[in-house]
Amino acid sequence: MTASNQISEPEAPISSEMTLSLCKDLSIALAKFPKVRLGHLPTPLEPMDRLSEILGGPRLWVKRDDCTGLSSGGNKTRKLEFLMADAQQQGADTIITQGATQSNHARQTTAAAAKMGMACHILLEDRTGSNDPNYILNGNVLLDQLHGASISKRGGGTDMNDEMSALAAKLRAEGKNPYIIPGGGSNPIGALGYVNCARELSEQAAAMGLKIDALVHATGSAGTQAGLVTGLAAIQSDIHLLGIGVRAPQEKQEQMVFDLATKTAAHLNTGLNIARSDVRANCNYVGPGYGLPTDGMVKAVKMLAETEGLLFDPVYSGKGLDGLIDQIRAGYFDGMENVVFLHTGGSAALFGYSDTFDLPGYTE
Ligand SMILES: *Cc1c(COP(=O)(O)O)cnc(C)c1O
């Protein structure tokens, strides 16, 4: 550390050999945790050249975690690889989880449970008050049912953790062995999936000779960002990580991410410390609330569909993109060459939000 009366020198950038060696150490640390294979990994890292040209900022890339393969994909698959292995180790025969009506996490969990031959109960909280039949039954809710899960509804503001505990007690009384996965799969076990993603992305970039300056993604229940913060710290990466919030205000979101990253680092058990300054969230793109559409989200989803042929979702990745696009225009990434957007998936939710996009219909 530099004392205050000394001239501080910039730290020497870490060499790619050093990065690869730290990635290997991290792989070894992660291999101690049980994991089941659910996803198609590594996911591709692709340039978005049409979008980059239109925006005129840094070169933009997309890390395709929408292509994890499980029931139309998404970021929960990486978390579930560790969570379902833990459930299996505990002899669980039934999975319980919760989320919003159009929860991508619930949908990927129902698919994972189906694949592992476990029963699945999903508690869906009505956070938007929408009565649109597509919102209530189509999109992710359609898929939850196809995967054979039982779904039940709870009113907005219900204590969903209490509801899950009550359901678990009822199932135990019936002789079942339930395993509760928290909302979003966000605990230190699930977050290991994104510790691993930080490693995967860094190795992938090194193999392509690509220097990533920043990584941007939508942040909600915090497990994705907490895992990335922990993984990037473990490999001493200088990638600037920015979460775009979809629910909580900035201070609360950053605190949630920091707390979970600290717990995840402790769980990883390699003596790693998480710096509060590595946790950054911009929560200016939430709009009227969680799951409620914004004009910026609608524009961003349409723009990416039309320029890159990519599908994003109305609740998370669409708002994340709105933040990315607006911050490029505001100069946040000025001086950076390569910015990666982590595509966390969610396009199944588009079918629950079909009225939101004001589409022209047939032209003849
Ligand atoms: C859950 C989800 C996120 C947010 O991830 P967290 O780990 O909950 O912060 C982002 N995008 C999509 C599509 C999601 O389903």
Side-chain angles (χ1 to χ4, degrees), residues 39 43 62-68 70-80 82-83 97-111 124-125 127 139-140 143-144 160 181-198 215-231 241-248 252-261 264 279-283 285-286 290-291 297 300-301 304 310-324 341-353:
T43 58
V62 57
K63 172 70 171 158
R64 300 289 306 271
D65 274 15
D66 58 321
C67 296
T68 52
L70 185 72
S71 183
S72 79
N75 62 338
K76 304 312 180 305
T77 304
R78 288 186 191 270
K79 302 178 183 183
L80 286 163
F82 289 94
L83 290 161
T97 198
Q98 62 95 5
T101 307
Q102 283 292 336
S103 168
N104 302 302
H105 161 69
R107 181 248 312 157
Q108 286 161 86
T109 304
T110 62
L124 297 175
E125 180 189 358
R127 291 187 203 159
N140 283 302
L143 301 182
D144 295 342
M160 298 300 282
I181 294 181
S186 287
N187 64 15
I189 299 171
L192 292 176
Y194 274 88
V195 174
N196 189 43
C197 180
L215 176 61
V216 182
H217 68 96
T219 180
S221 67
T224 301
Q225 191 170 2
L228 291 172
V229 165
T230 307
L241 181 67
L242 177 66
I244 306 290
V246 299
R247 191 176 192 186
K252 184 174 172 201
Q253 187 67 26
E254 289 185 348
Q255 194 61 43
M256 271 167 56
V257 172
F258 178 66
D259 289 347
L260 184 51
T264 304
V279 178
R280 304 171 202 92
N282 181 328
C283 299
Y285 302 90
V286 177
Y290 173 88
M297 176 280 290
V301 169
L304 269 283
L310 290 172
L311 296 175
F312 288 83
D313 83 282
V315 180
Y316 295 96
S317 57
K319 287 185 179 174
L321 268 178
D322 181 28
L324 172 75
F341 187 74
L342 172 67
H343 191 333
T344 43
S347 62
L350 286 170
F351 304 96
Y353 281 82

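If you're wondering where the values come from, they're calculated on a predicted model, not measured in any experiment. For ligands, and for the atoms within them, numbers begin at 1 and follow the listed sequence.
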Heavy-atom gap G223 to ligand 1 smaller than 4.0 Å
yes
Is it the case that the side chain of T68 and the backbone of G74 share a donor-acceptor pair, with hydrogens and angles ignored and the cut-off at 3.5 Å?
yes
Any donor-acceptor pair under 3.5 Å linking the side-chain atoms of T224 with those of H217?
no
Return a yes/no value for H105: is any of its N or O atoms, backbone included, closer than 3.5 angstrom to an N or O of ligand 1?
no
Report the nearest protein non-hydrogen atom to atom 13 (C) of ligand 1: residue, atom name, distance rounded to 0.1 Å.
G345 O, 3.0 Å
Is A222 close to ligand 1, meaning an N/O of one under 3.5 Å from an N/O of the other?
yes
For K79, which part has a heavy atom under 4.0 Å from ligand 1: side chain, backbone, both, or neither?
side chain
Taking atom types as modelled and ignoring hydrogens, do the side chains of T219 and Q253 form a donor-acceptor contact shorter than 3.5 angstrom?
yes
Can you find an N/O atom of Y316 closer than 3.5 Å to an N/O atom of ligand 1?
no
Give the atoms of ligand 1, by number and element, whose distance to some non-hydrogen atom of N104 is under 4.0 Å.
13 (C), 14 (C), 15 (O)
Just checking, is any N or O donor in the side chain of Q108 or S71 under 3.5 Å from an acceptor N or O on the other one?
no
Using a 6.0 Å distance limit plus a 45 degree cone around the ring axis, check whether K76 lies over the aromatic ring of Y316.
yes
Do side-chain atoms of Q225 reach the backbone of R280 as a donor and acceptor pair under 3.5 angstrom?
yes
For K76, counting its heavy atoms only, list the atoms of ligand 1 lying under 4.0 Å from any of them.
1 (C), 2 (C), 3 (C), 5 (O), 14 (C), 15 (O)
Using only heavy-atom distances, determine whether the side chains of D65 and T43 contain a donor-acceptor pair under 3.5 Å.
yes
Tell me the protein heavy atom at minimum distance from atom 5 (O) of ligand 1, and give that distance in Å.
N75 ND2, 3.1 Å
So the atoms of ligand 1 within less than 4.0 Å of a heavy atom of T219 turn out to be 9 (O)
Can an N or O of S317 be found at a distance shorter than 3.5 Å from an N or O of ligand 1?
no
Flag, side chain of K319 to backbone of P314, donor-acceptor distance under 3.5 Å:
no
Residue part near ligand 1, for V246, under 4.0 Å between non-hydrogen atoms
neither
Answer with yes or no after comparing the ring centroid distance for F312 and H343 against a 6.0 Å cut-off, counting only values under it.
yes
Whether E254 side chain and A281 backbone form a donor-acceptor pair below 3.5 Å:
yes
What residue and heavy atom of the protein are closest to atom 8 (O) of ligand 1, and at what distance?
S221 OG, 2.5 Å
What protein heavy atom sits nearest atom 11 (N) of ligand 1, and how far away is it?
T344 OG1, 2.6 Å
With atoms numbered from 1 as shown, which atoms in ligand 1 lie under 4.0 angstrom from a non-hydrogen atom of G220?
4 (C), 6 (P), 8 (O), 9 (O)
Just jot down the ligand 1 atoms closer than 4.0 angstrom to any heavy atom of D313, in number order.
13 (C)
